[in-house]
**Q** 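Quick one: the structure is below, and I'll ask about it shortly.
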Protein chains: 2
Amino acid sequence: MRKIVLASASPRRRELLGSLGLDFDSCVSGVEEDPIEGEIPAEHALRLAREKALAALVSPESFVIGADTIVIIDGEVLGKPQDRAHAVEMLRKLSGRTHRVITGFAVVRGGVVLVSRTIESSVLFKDISAKELEWYTRTPEPYDKAGGYAVQGIGAFFIREIHGSYTNVIGLPLAEVVEALEDLDAFRLEDLDCG
Amino acid sequence: MRKIVLASASPRRRELLGSLGLDFDSCVSGVEEDPIEGEIPAEHALRLAREKALAALVSPESFVIGADTIVIIDGEVLGKPQDRAHAVEMLRKLSGRTHRVITGFAVVRGGVVLVSRTIESSVLFKDISAKELEWYTRTPEPYDKAGGYAVQGIGAFFIREIHGSYTNVIGLPLAEVVEALEDLDAFRLEDLDCG
């Protein structure tokens, strides 16, 4: 097992971390994602990030990264759309307005949470026309993503402005995660494979 | 020849436009990129975008997209680094600070400029350590990019915040380009191939 483990099923998080040439394993931890009553969104993301990292079955020497990303508009957390009508409803809410994206991440080693942080960005959508909505929700893209869109996919053309970390909107705030791993001596830059 | 032509050699611009499932050709037009004396950066990007689109040898029916992206700090336009020392110098300037990224784009048909716009974003870099600088400039990434970094590559971990369009920083402001193409009836959403 490698020294760094990403406890996430998200191919987008794996791609982000992989883009650095970092050598890591990934695994999925079956953590229940339901919010606890009274929990504010940032707490929810942070708790899930910790739980995902703590639930991973890894060597006590491994640095485990857990992360959870949520999309919030009007104080409401948008999950993944269950069907087409749900995706249409979500995207109508986001159309022409700014929403918040919070990612919580945690780095755990030997059952101890070494780092846990939340990073928040805001995203301004263009006005989505009825035709665009009709078309986009017929593609497979919205259905496994919180908020019903992919910032790095076709959904990119909905996005007029981002304020804050872009990689945070994809699901893993790269500058902050790499900083945390560097501070913990979890990897050495000179070992990265970026040929 | 397809109805939409991207007059750009940049694989990143091709990827961005391709991510929509848009059917287009691309071509390279050999336009001289030197600034004209007295030209401000936004004018420069806009002029080059127009010239690239106008120089493309295409059918008069085709919609040709030209684009030019520049990175500016302290009023100075940073080009592509010529060698390692140059890349180090550029990245030192960007470290820990905010710089501007302007993309000019133009849509041309039958020798007539139908649309031309500039979009500006700002990018805040984290403090880049001497070790990170040493390592990054040994990868091939900085050398064919204005400003010496790739926002969508390994360079992503330098970026703490973006304000404005993210795809603009990559080299093509997707929301605005797609809007322009839709307004011109250059394509129909229902023809897009998005799996």
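Labels below follow one simple rule: chain letters A, B, ... track the order of the sequence lines, proteins then strands, and each chain is numbered from 1.
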**Q** Rounded to the nearest 0.5 Å, how far apart are CG of B/L22 and CD1 of A/I154?
**A** 11.5 Å
**Q** With clusters defined by side-chain heavy atoms of hydrophobic residues (ILVMFWY) lying less than 4.5 Å apart, directly or transitively, does B/I102 cluster with B/I36?
**A** no
**Q** Closest approach of A/S19 and B/G153, non-hydrogen atoms and distance?
**A** OG-O, 4.0 Å
**Q** Does B/V28 belong to the same Ile/Leu/Val/Met/Phe/Trp/Tyr cluster as B/V107, with side-chain heavy atoms less than 4.5 Å apart forming each link?
**A** no
**Q** Does B/F24 belong to the same Ile/Leu/Val/Met/Phe/Trp/Tyr cluster as A/F157, with side-chain heavy atoms less than 4.5 Å apart forming each link?
**A** yes
**Q** Would A/V115 and A/L172 show up in the same hydrophobic cluster when neighbours are defined by side-chain heavy atoms closer than 4.5 Å?
**A** yes
**Q** Could you see if A/I70 belongs to whatever hydrophobic cluster contains A/L124? Use Ile, Leu, Val, Met, Phe, Trp, Tyr and a side-chain cutoff under 4.5 Å.
**A** no
**Q** How many angstroms lie between atom CG of A/L174 and atom CZ of B/F158, to the nearest 0.5 angstrom?
**A** 11.0 Å
**Q** Is B/K131 close to chain A through its backbone or its side chain, or both, or neither, when contacts mean heavy atoms under 4.5 Å?
**A** both
**Q** If you take all heavy atoms of A/W135 and B/L20, which pair is closest and at what distance?
**A** CZ2-O, 4.1 Å
**Q** For chain B, which residues from residues 75-93 of chain A have at least one heavy atom closer than 4.5 Å to it?
**A** none
**Q** Top residue by heavy-atom pair count (under 4.5 Å) with chain A, among B/E179, B/K126, B/E134?
**A** B/E179
**Q** Relative to chain A, which segment of B/E132 carries a heavy atom at a distance below 4.5 Å: side chain, backbone, both, or neither?
**A** both
**Q** Please flag which part of B/Q152 lies under 4.5 Å from any non-hydrogen atom of chain A: side chain, backbone, both or neither.
**A** neither
**Q** Report, in residue-number order, which members of residues 159-171 of chain A are under 4.5 Å from chain B by heavy-atom distance.
**A** A/I159, A/R160, A/E161, A/I162, A/H163, A/G164, A/S165, A/Y166, A/T167
